[in-house]
Amino acid sequence: MKPASQPLLTLAGILLMAFLSVLLLPAPALGVQLAQSLVQRFHLLDMTQLYIILYCLWFLLLGTIEFFVLRFIWKRWFAV
């Protein structure tokens, strides 16, 4: 039976991996032309708002991938 706190621990692990990604991996950089077209398409105020959204999504995606890869490795080779 799974503990009741497992979903909360999973979310906390994903966020922790996202914060580690901030320190280790660079976020993608958009060209000026592409950034301006995305700002117009999504009706954003300026490119700063676009880059904040982009960085948040990028680091959460990397954190999720890192979490599941580390979880797979832990369950596969280190768990008893």
Side-chain angles (χ1 to χ4, degrees):
M1 182 145 191
K2 292 182 180 180
S5 62
Q6 185 172 3
L8 183 62
L9 291 174
T10 302
L11 180 62
I14 290 171
L15 288 174
L16 178 64
M17 290 297 141
F19 291 139
L20 291 175
S21 296
V22 170
L23 299 173
L24 299 175
L25 298 170
L30 303 175
V32 175
Q33 199 84 359
L34 178 61
Q36 287 176 348
S37 68
L38 288 174
V39 166
Q40 290 174 354
R41 180 176 295 152
F42 293 117
H43 305 289
L44 302 173
L45 297 176
D46 58 357
M47 278 197 264
T48 306
Q49 190 176 15
L50 173 70
Y51 276 106
I52 289 171
I53 293 169
L54 177 70
Y55 289 159
C56 289
L57 292 175
W58 176 252
F59 294 132
L60 286 176
L61 174 72
L62 289 178
T64 304
I65 291 170
E66 289 172 8
F67 173 79
F68 284 112
V69 166
L70 289 175
R71 187 175 134 206
F72 172 76
I73 290 170
W74 179 261
K75 284 186 173 186
R76 177 80 179 203
W77 288 292
F78 297 112
V80 177

Residues 22-49, side-chain donor-acceptor partners within the protein, below 3.5 Å, at least two apart:
| residue | atom | partner | partner atom | Å |
| --- | --- | --- | --- | --- |
| Ser37 | OG | Leu34 | O | 2.8 |
| Asp46 | OD1 | Gln49 | N | 3.3 |
| Gln49 | OE1 | Leu45 | N | 2.8 |

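With rounding to the nearest 0.5 angstrom, the CH2 atom of Trp77 is 5.0 Å from the CZ atom of Phe72.
When hydrophobic clusters are built by joining Ile, Leu, Val, Met, Phe, Trp and Tyr residues whose side-chain heavy atoms come closer than 4.5 Å, directly or via intermediates, Ile52 is not grouped with Leu54.
Phe68 pairs by the ring pair (Phe, Tyr, Trp, His ring centres under 6.0 Å) definition with nothing, not counting sequence neighbours.
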